[in-house]
Amino acid sequence: MTPYRVLVVDDSGFMRKIVSDLIERDVSFSVVDTAKNGREAVEKVRKIKPDIVTMDVEMPEMNGLESLKHIMNEYPLPVIMLSGINEEGMRETIMALEAGAFDFIRKPSVSNSQDIEAVGEALLRQLHAAVHDSAWRKDKPSPIVAAQAVAEAPAPSAPEHQPDETPEVPVRRQEERSFEAPRPKTEPSGPESRPRKDSPSGGTSAAAQRNAIPASKPKPSVTPAAAPPSSSRPAIVREDKKTAATRTPSPVDKPQTRVEAVAPAPKPAASTPKSQVPERKVPERQAVPPASGTRASGGDHIDQIVAVGCSTGGPRALKELLENIPSSFPAPIVIVQHMPPKFTHSLAQRLNTLSPLEVVEAQHGMPLRKGTAYIAPGGQHLLVKRSGSGQYAIELSDAPPQNGHKPSVGAMFDSLLAMNEIRRHAVIMTGMGSDGAKEMKKLYDSGVSTTIAESEETCVVYGMPRSAAELNCVMHLLPLPQIATKLNQVVKS
């Protein structure tokens, strides 16, 4: 097998040597060249066209973020960022993930051989995911290219006489796997818009950063599809309703009784319009400062909660999701994003400037409030606990990793398992591995209100959502731009 060609970019010659040696321990990869700054990296990408790039965040002449933007615009390919743990480096890393970087790792401590080994293992896992399991596979268009194609396609227009609430028709089509028929779930209602916050000084506005990932596009099946049995079985929900008539179904169906589904459309030609979530033009508002653990005790009276888990590609997915949740959202949102300590604080600060919601890094004992999103801090599990009648709070745990992660999506889902007195909505988005899938199945079996997984066409890595779908516990398998719409519906139903 011909090795994948890697370009290593770092302003330190010593670090270029360390990273190159770590990569070439695996015969699947070959370092074909190095660059000492972002400008040189852009020139060498144009010249040698590597398969993957590792990119230092902080460099002279042109930093990693600016270089990444040029590469994504001219020659999109998977870029793994190497970040220091200083505040500026972490902030730039979060913005790089929004701009299209595949993932990031922290730079190793050159004086600690064990740390170098750990970083090397993490880097090789990400390299393999980028070339084997992600949307950057050679048989699939990259998320950036796909997003540009969707942006250039004209949006479909509905007939003038068509009502807003168009009934969807249950259908039967070829599916990737067979599923047992689980219990039915439907969640009708409608979303609403609210003002969003100002973008950070010197940055791109929230509206200009929208639509980084396509709403929908046809994709080849991962495995050969098999025709379903002759007895008609309803397919998994594929919505929202306003774009139902033009959407292409996902290759993964979960049959469930009395669930409406969208009729499959033939593969569109290049000129066929694609579904796209309409841009909401709303006035901006000032960013709300992050909450602290000293807010009034007790919190709001909670009758429902949303729990979201994601990993590789998660920061960009969270941005898309939280930008489209209104400040009046009648439930708290607890989030686990696989990320090291300190980086989650930068992630929460960044998302807080982009979302109408208040977004904070969770603290132990923090009461849950409606219209607030809580990001699990790196290195600690986020659990939800009862703190009074109708009141709930954050509990941070230093327990060992669960499913290989800390924080773990599975640990967060497990903490909700016994809370049948409230409506629980569980969401799994893009990410490597299977963290949260088994625990979502337990929630599903316990009578959870809603389970949602991001569909393959918008995942950077279709690992965690696929694992949940294979356990027959996903009620709604949706492309990323439709997840916020569905959540806005189900919390008000």
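Every value quoted in this text rests on a predicted model; they were computed, and no experiment measured them. Atom set for the values below is all heavy atoms of this structure, side chains included, hydrogens, waters and symmetry mates excluded.
- Summarising the geometry, atom CG belonging to L68 is positioned 11.0 Å from atom CE belonging to M95; distances are rounded to the nearest 0.5 Å.
- A donor and an acceptor atom, one from each side chain of Q349 and H345, are located under 3.5 Å apart.
- In terms of heavy-atom proximity, M419 sits nearest to S415 at CE-O, 3.5 Å.
- Contact of the H425 side chain with the I452 side chain is not registered, since no non-hydrogen atoms from C-beta on lie closer than 4.5 Å.
- With rounding to the nearest 0.5 angstrom, the CG atom of L487 is 7.5 Å from the OG1 atom of T450.
- Side-chain contact between L396 and H381 is absent, with no heavy-atom pair separated by less than 4.5 Å.
- Nearest heavy atoms, L382 versus I375: CD1-C, 4.2 Å.
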Go through E323 and K319 one step at a time and tell me if the salt bridge (Lys or Arg N to Asp or Glu O under 4.0 Å) criterion holds.
-> CA-CA 6 Å; E323 278 186 328; K319 173 181 175 290; 3.6 Å; yes

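- No donor-acceptor contact under 3.5 angstrom links the side chains of S467 and S434, judged on distance only.
- Looking at L322 and L354, their side chains never come closer than 4.5 Å, going by heavy atoms from C-beta outward.
- Residue K438 qualifies as open at atom NZ: its count of foreign heavy atoms under 6.0 Å is 12 or below.
- Looking at S408, its side chain does come within 3.5 Å of a backbone N or O of G410 through a donor-acceptor pair.
- When every heavy atom of M440 is checked against every heavy atom of C473, the shortest pair comes out as CG-SG, 3.7 Å.
- The aromatic rings of H338 and H405 lie parallel to each other, their planes meeting at an angle below 30°, with 60° marking the opposite boundary.
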Stepwise ring pair (Phe, Tyr, Trp, His ring centres under 6.0 Å) check, H70 with Y75 = CA-CA 8 Å; H70 283 283; Y75 186 75; over 10 Å; no

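- Formation of a donor-acceptor pair under 3.5 Å by the S355 side chain with backbone atoms of N352 is not found in this model.
- With a 6.0 Å cutoff to the six-membered ring centre and a 45° limit on the axis angle, K442 does not count as a cation-pi contact of F413.
- The backbone N or O of L443 lies less than 3.5 Å from a partner atom in the side chain of S446, making a donor-acceptor pair.
- In this structure, D56 CG and E92 CD are separated by 11.5 Å, a value rounded to the nearest 0.5 Å.
- A salt bridge does not link D115 with K107: none of the charged nitrogens is closer than 4.0 Å to a carboxylate oxygen.
- Between M464 and T430, every side-chain heavy-atom pair lies at or beyond the 4.5 Å cut-off.
- Between V308 and M412, the shortest heavy-atom distance links the atoms O-CE, 3.3 Å.
- Between the side chains of D435 and Q402, no donor N or O sits under 3.5 Å from an acceptor N or O.
- Here the side chains of L318 and L347 are in contact, with some heavy-atom distance below 4.5 Å.
- The shortest non-hydrogen separation linking I105 to A122 is CG2-CB, 4.2 Å.
- Put simply, the side chain of V491 reaches to within 4.5 Å of the side chain of P330, judged on heavy atoms.
- I52 CD1 to L127 CG: the interatomic distance, rounded to the nearest 0.5 Å, is 5.0 Å.
- Between I335 and Y374 there is no side-chain heavy-atom pair separated by less than 4.5 Å.
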Report the C-alpha distance between E470 and R466 in whole Å, list the side-chain angles of each, state the deciding distance to 0.1 Å, and finish with yes or no for side chain to side chain contact (heavy atoms under 4.5 Å, CB included).
-> CA-CA 6 Å; E470 289 175 343; R466 181 202 299 274; 3.5 Å; yes

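- Between the side chains of T344 and E361, at least one donor N or O sits under 3.5 Å from an acceptor N or O.
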Applying side chain to side chain contact (heavy atoms under 4.5 Å, CB included), run through L7 and D51 and close with a yes or a no.
-> CA-CA 8 Å; L7 173 67; D51 298 307; over 6 Å; no

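- Under the 30°/60° scheme for interplanar angles, the aromatic rings of Y4 and H132 are found to stand perpendicular.
- Ion pairing between a basic and an acidic side chain is recognised when a charged N comes within 4.0 Å of a carboxylate O; E117 and R25 show such pairing.
- For the atom pair CE of M429 and CD of Q337, the computed distance is 8.0 Å after rounding to the nearest 0.5 Å.
- Side-chain N or O atoms of R424 include none that pairs as donor or acceptor with a backbone N or O of A307 at under 3.5 Å.
- Contact check for E439 versus N403: side-chain heavy atoms found under the 4.5 Å cut-off.
- Residue V19 forms a side-chain contact (heavy atoms from CB on, under 4.5 Å) with just one option from D10, V119, L82, and that option is L82.
- Under the 3.5 Å distance criterion, the side-chain polar atoms of T451 are matched with a main-chain donor or acceptor of M475.
- Distance check, rounded to the nearest 0.5 Å: OG of S311 to CD1 of I428 gives 11.5 Å.
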Could you walk me through whether I305 and L368 pass the side chain to side chain contact (heavy atoms under 4.5 Å, CB included) check?
-> CA-CA 9 Å; I305 187 171; L368 293 186; 3.6 Å; yes

Using the side chain to side chain contact (heavy atoms under 4.5 Å, CB included) rule, take I483 and V427 through it: C-alpha gap first, then chi angles, then the decisive distance, then the call.
-> CA-CA 9 Å; I483 294 177; V427 181; 4.2 Å; yes

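- Exactly one residue among V79, I71, V9 makes a side-chain contact (heavy atoms from CB on, under 4.5 Å) with V45. That residue is I71.
- The two residues F104 and P340 make their nearest non-hydrogen contact at CZ-CD, 3.5 Å.
- E454 and T458 form a side-chain donor-acceptor contact under 3.5 Å, judged by distance and modelled atom types alone.
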